[in-house]
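Notes to accompany the following structure.
No hydrogens, no waters, no symmetry mates; every other heavy atom, side chains included, goes into these values. Numbering of residues begins at 1 and proceeds along the displayed sequence. Remember, it's a predicted structure, so these values are computed and weren't measured experimentally.
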Amino acid sequence: MNPSIKAKIFLIFILVLSLFLRLFRVKTLPPALFADEVDAGYQAMIFNQNKTDYFGNKFPVHFHSFSDWRTSLYIYSISFFQNITNNSDIAIRLPSVVFSVVSVYLFYLLTNSLLASFLLAISPWSIHYGRTGFEVSGMLMCLLAGIYFWKKYSQKSSLKHLLLSIFFFALSPYFYSTSKLFLLILALLIFIIWFSKIIKIKASHLITAIIWGLLLLTPLVIDTFKGQAGFRFSYISIFSDPQISKTVDYQRYRDIYTTHQGETGVQTPITSKIFHNKYNLILNKFITNYFSSFSTDFLFINGDQNTRHGFGNHGLLYYLDFFLIIFGLINILKNRRSDKIGILFIWILILAPIPFALTRDSLGPHATRLILMLPSLIYLSYQGVLYLKYIFKWSLPIILVVYLISISSFWHYYNFDYPQESAMTWHAGMKEAVLAAKNYQLPTYFSNAYEPFLPFFLYYQPYLPTTAPTENIKYLSSNYFDGSTIDNQYFFGNINWSSISEINKASLFVVPGTSLSEVPKNLKLLEKIDKKYINAQDFYLYTNE
């Protein structure tokens with residue numbers, strides 16, 4: 001068989017396998033739509049109807065959500081798929097499926113290797129984020145496309161490739177905010193690694209590229225100066241931690257207490273000021289975050305301990321990758337003069353944790369914010385295979401067999417064990433509770449004792465007024481209820497069960513199992529919604545009729 005035809009057949013097989021691993025049971029695996037996915041789906045619904053977000057902003061660069069400003073391109077992608085599929089839940093996750101499979105193809109083009117694309121196709125990290133309605137899948141695809149077209153430009157000096165590279169790089173921060181900082185890092189890396197090429201770029205190409213980049217990024221820059229783009233980072237960054245001053249004061253007090261116990265009015269020693277200050281605390285948090293990103297427990301053993309971002313009991317990569325990455329690093333460094341893409345990926349791996357390291361709201365490594373590490377790690381594994389194959393000609397079949405065993409084991413875990421372990425973090429049962437409540441034409445009180453019901457109600461009702469939905473959401477506080485209300489018909493918040501006798505008309509109460517003991521005995525149980533997973537919640541529907 002012609003080698004090129006054979007390669008195409010293998011590539012098609014890899015892409016079909018990649019599609020299967022990301023599309024199979026995508027609606028229920030992960031087991032339910034998380035609140036952020038539901039929120040994005042509802043934003044897309046409102047956009048399709050009104051061409052606004054649900055606060056009424058026309059064609060937003062950042063969609064205004066209840067507690068944040070969200071990047072726009074993934075929501076626009078959902079709105080597109082909502083128009084071509086009748087299943088709104090699938091429409092939320094389908095963009096990630098597409099972006100992830102395209103990333104596998106781009107990785108093939110970038111490396112010119114079927115093996116490299118196969119390793120990305122079967123990576124647990126890639127599979128998981130290729131099945132969830134999270135924006136990072138689009139960001140990763142754009143960055144890989146940008147690198148690929150830059151590589152093409154460095155080889156052929158075609159303006160088309162340069163403009164395509166800038167186009168995809170510029171789109172990446174419209175998908176996920178991490179890319180806003182990382183683009184600057186990536187631009188510096190490309191400038192250094194391809195310096196001899198860059199200084200020879202035609203002036204016409206350079207001017208066109210700058211104008212093109214400015215046009216693409218101007219909306220983002222404007223939103224940034226408005227304060228919308230940086231809203232989330234402003235309260236998750238290590239620089240805005242409200243506990244810093246208290247921690248510094250306690251550390252200095254402890255120093256004084258050690259040597260001046262029982263004394264008052266003691267001046268803070270200069271050594272305490274040197275070793276205990278906000279700059280040291282910020283630096284320590286940054287270093288801790290940075291090095292935790294390379295934790296073997298995080299990457300190879302248990303993954304992200306938030307089971308929505310990772311697995312809790314399975315690494316984001318395979319055990320075999322640990323050894324291959326070491327050999328891959330050796331191989332790239334040996335060929336560093338000829339493998340510029342390899343050098344780029346090494347530096348990306350080193351610098352990719354910086355955006356995560358600047359945040360303070362995670363107890364450990366964060367798989368979503370660290371996904372920029374994934375292509376580098378896969379590339380190192382691929383290079384490790386090449387290195388071992390060069391040393392031991394018989395090693396490739398053994399490595400492939402080990403990978404096939406690994407993906408089979410992971411796929412079983414992901415389909416059978418992971419849903420049971422992660423159902424709570426995916427808010428399983430919220431959808432069913434909202435749909436069940438729709439069957440009763442009564443004023444409905446949704447208890448937030450488990451998770452806030454409002455986004456699930458808006459999406460699954462669905463609630464689609466012709467004006468901005470938030471105009472109809474009001475705050476209500478009374479003896480028996482504290483929270484939000486819509487049309488004085490639906491209520492979302494905290495229920496004071498001891499005072500619900502003050503409700504003077506027949507109503508419905510949607511209650512999670514965790515609050516069952518608080519429900520008054522005189523309420524009538526209408527329906528119980530049994531949990532589908534071991535680690536999930538039952539829900540109960542009561543009435544005061």
Side-chain angles (χ1 to χ4, degrees), residues 27-35 37-39 41-42 66 88-89 307-308 419-464 469 472-545:
K27 182 180 175 182
T28 55
L29 183 65
L33 293 184
F34 171 58
E37 292 178 288
V38 168
D39 180 78
Y42 184 62
F66 289 113
S88 55
D89 283 3
T307 52
R308 192 167 56 250
Q420 304 297 339
E421 296 169 359
S422 66
M424 189 80 77
T425 60
W426 285 102
H427 300 166
M430 303 286 281
K431 171 185 177 179
E432 290 76 12
V434 169
L435 294 179
K438 286 179 65 174
N439 297 325
Y440 302 90
Q441 302 301 314
L442 294 170
T444 306
Y445 290 81
F446 293 91
S447 169
N448 281 353
Y450 169 49
E451 288 291 339
F453 261 107
L454 180 57
F456 293 90
F457 169 84
L458 294 171
Y459 178 72
Y460 286 113
Q461 184 69 6
Y463 185 74
L464 299 171
N472 301 330
I473 301 174
K474 310 297 182 184
Y475 177 73
L476 176 66
S477 181
S478 66
N479 290 335
Y480 55 85
F481 176 79
D482 183 69
S484 301
T485 179
I486 296 178
D487 301 332
N488 206 34
Q489 178 73 9
Y490 305 103
F491 304 84
F492 312 88
N494 301 313
I495 302 171
N496 183 2
W497 295 105
S498 63
S499 300
I500 63 167
S501 59
E502 296 181 22
I503 300 176
N504 54 19
K505 57 182 178 180
S507 299
L508 181 70
F509 301 89
V510 182
V511 185
T514 50
S515 297
L516 200 59
S517 61
E518 303 174 22
V519 178
K521 302 298 182 184
N522 63 327
L523 294 188
K524 177 184 176 183
L525 178 64
L526 295 176
E527 186 177 346
K528 178 188 177 187
I529 304 165
D530 293 321
K531 61 185 180 182
K532 296 180 179 179
Y533 304 95
I534 295 171
N535 185 17
Q537 284 278 312
D538 296 318
F539 287 88
Y540 298 81
L541 274 59
Y542 284 91
T543 183
N544 59 352
E545 281 189 302

For Lys27, all residues meeting salt bridge (charged side-chain N to carboxylate O under 4.0 Å, His left out), sequence neighbours excluded: none
Geometric class of the Phe481/Phe491 ring pair [parallel <30°, tilted 30-60°, perpendicular >60°]: perpendicular
Pairwise side-chain contact, Pro419 with Trp426, heavy-atom cut-off 4.5 Å (strictly under): no
Pairs where residues 515-538 contributes a residue and the test ring-ring contact (aromatic ring centres under 6.0 Å, His included) is met, not counting sequence neighbours: none
Residue pair Thr543 / Lys524, side-chain heavy-atom distance below 4.5 Å: yes
Those residues that, when tested against Lys431, pass salt bridge (charged side-chain N to carboxylate O under 4.0 Å, His left out) (two or more places apart): Asp89
Ile486 side chain near Tyr463 side chain, heavy-atom distance below 4.5 Å: yes
Centroid separation Phe539 to Tyr450 less than 6.0 Å: yes
Per-pair distances, 0.1 Å, donor-acceptor, side chain in residues 505-518, under 3.5 Å, sequence neighbours excluded:
unit_1 : atom_1 : unit_2 : atom_2 : d
Ser507 : OG     : Lys505 : O      : 3.1

Pairwise side chain to side chain donor-acceptor pair (under 3.5 Å) hits with a residue in residues 474-483, at least two apart: Tyr475-Asp482, Ser477-Asp482, Asn479-Glu502
Other residues, nucleotides, ligands: >12 heavy atoms within 6.0 Å of Lys532 NZ: no
Partners meeting salt bridge (charged side-chain N to carboxylate O under 4.0 Å, His left out) with Glu451 (sequence neighbours left out): none
